[in-house]
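Everything on this sheet refers to the single structure shown next.
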Number of protein chains: 2
Amino acid sequence: MYICFMYSSELIKGTLKTIVLNLLKDNDKMYGYEITQKVKEMTSEKIQITEGALYPTLHALEKHGDVITEKVYIGKRVRKYYRLTDQGKKTVQERVNELADFMNTMRFLLDLDTSPGNV
Amino acid sequence: MYICFMYSSELIKGTLKTIVLNLLKDNDKMYGYEITQKVKEMTSEKIQITEGALYPTLHALEKHGDVITEKVYIGKRVRKYYRLTDQGKKTVQERVNELADFMNTMRFLLDLDTSPGNV
DNA sequence: TTTCTACACCTAAATTTCTTAGGTATATAT
DNA sequence: ATATATACCTAAGAAATTTAGGTGTAGAAA
């Protein structure tokens with residue numbers, strides 16, 4: 001069964017940082033707009049990161065030392081690329097592990113283990 | 001590998017209503033304090049619902065018509081039992097389905113399908 | 001008999017996180 | 001010309017939760 005609408009926003013709360021960090025783990029460097037498009041594409045538009053949520057999050061990650069930035073000019077247009085620091089790579093692992101563990105706990109709590117592969 | 005600390009609070013955000021509703025689906029009637037203890041026990045203390053979060057949530061569910069209440073006196077002490085309404089039963093299904101679908105999407109997004117059973 | 005812990009309900013201010021709703025500007029297609 | 005896509009950003013408000021209380025009963029320990 002395919003569910004083709006966005007998730008209610010409450011669910012996505014708390015996972016944004018993890019999503020962003022994990023994308024950066026797999027893609028070396030990315031810019032903000034690219035991240036929103038990539039997530040939208042990978043999730044069939046079920047998760048759409050708003051820019052109002054993304055940019056403050058990216059700035060917080062930079063402030064925390066998990067990412068560093070690099071500005072690149074495409075003609076006159078600016079792109080700000082984000083890249084994981086060594087510390088950021090540790091943070092990704094911690095966060096992804098925690099989320100994975102949390103989801104296992106939730107699967108148990110909600111008794112969802114009967115059908116794990118219904119994507 | 002066992003992880004024996006509480007999840008960072010951000011992760012739990014947005015799942016509280018679903019947890020509560022699902023417990024009521026399986027237990028016919030429960031009171032607030034009982035819910036906090038049951039979740040703590042079932043998750044080996046990894047998820048601890050605070051009362052400051054729980055009671056407002058229960059009141060919201062009642063206001064929405066998903067649960068009805070019943071006061072029971074144990075001696076002079078009051079217990080307020082919560083029970084799903086018919087509408088509440090529908091709400092549970094919707095929310096649990098959505099969360100299950102969301103978790104599948106997250107598993108794909110974070111590439112976690114390699115080890116699904118490491119509880 | 002005081003005192004500590006568990007039980008059992010509750011609220012309210014502050015915090016965090018996100019949505020909504022803008023603003024600025026370039027590049028390209030219609 | 002105008003609309004859409006690209007690309008960055010901020011700030012007010014909303015929503016959910018944390019933190020930090022308050023009230024009181026019941027039972028065990030000291």
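All chains are named by letter (A, B, ...) in the order of the sequence lines, taking the proteins before the strands, and each is independently numbered beginning at 1.
- One interatomic measurement links the two molecules: CD1 of A:I47 to P of C:dT19, which rounds to 11 Å at whole-angstrom precision.
- Side-chain N/O atoms of B:R77 include none lying less than 4.0 angstrom from OP1 or OP2 on D:dA26.
- Residue B:Q87 holds its CD atom at 12.0 Å from CD1 of B:I68, rounded to the nearest 0.5 Å.
- Residue-to-nucleotide proximity on DNA chain C shows that, of B:E51 and A:E51, the 5′-proximal contact is made by B:E51.
- If you measure from atom NZ of A:K71 to atom C1' of C:dA25, you get 14 Å, rounded to the nearest angstrom.
- The separation between A:K17 atom NZ and C:dT16 atom P is 10 Å, rounded to whole Å.
- Closest to the side chain of A:T57, out of D:dT17, C:dC18, C:dT26, is C:dC18.
- There is a side-chain donor-acceptor pair under 3.5 Å between A:Y81 and A:R79.
- Take the nearest nucleotide of DNA chain D for A:R79 and for B:T50: the residue whose nucleotide is more 5' is A:R79.
- If you check C:dC9, C:dT26, D:dT17 against the side chain of B:Y55, the one that comes closest is C:dC9.
- Surrounding NE2 of A:H59 are more than 12 heavy atoms belonging to other residues, nucleotides or ligands, all under 6.0 Å away.
- Between B:L54 and B:G32, the shortest heavy-atom contact is CD2-O, 3.3 Å.
- By the 4.5 Å side-chain criterion applied to Ile, Leu, Val, Met, Phe, Trp and Tyr, B:V78 is assigned to a cluster that also includes B:Y73.
- Taking both residues in full, the closest heavy atoms of A:L24 and A:Y82 are given as CD2-O, 3.3 Å, listed atom of the first, atom of the second, then distance.
- Less than 4.0 Å separates DNA chain D from at least one heavy atom of each of the following residues of residues 30-41 of chain A: A:Y31, A:G32, A:Y33.
- Residue A:K80 places its side chain closer to D:dC9 than to any other of C:dT26, D:dT10, D:dC9.
- Regarding A:I49, its CD1 atom lies at a distance of 14 Å from the C1' atom of C:dT19, rounded to whole Å.
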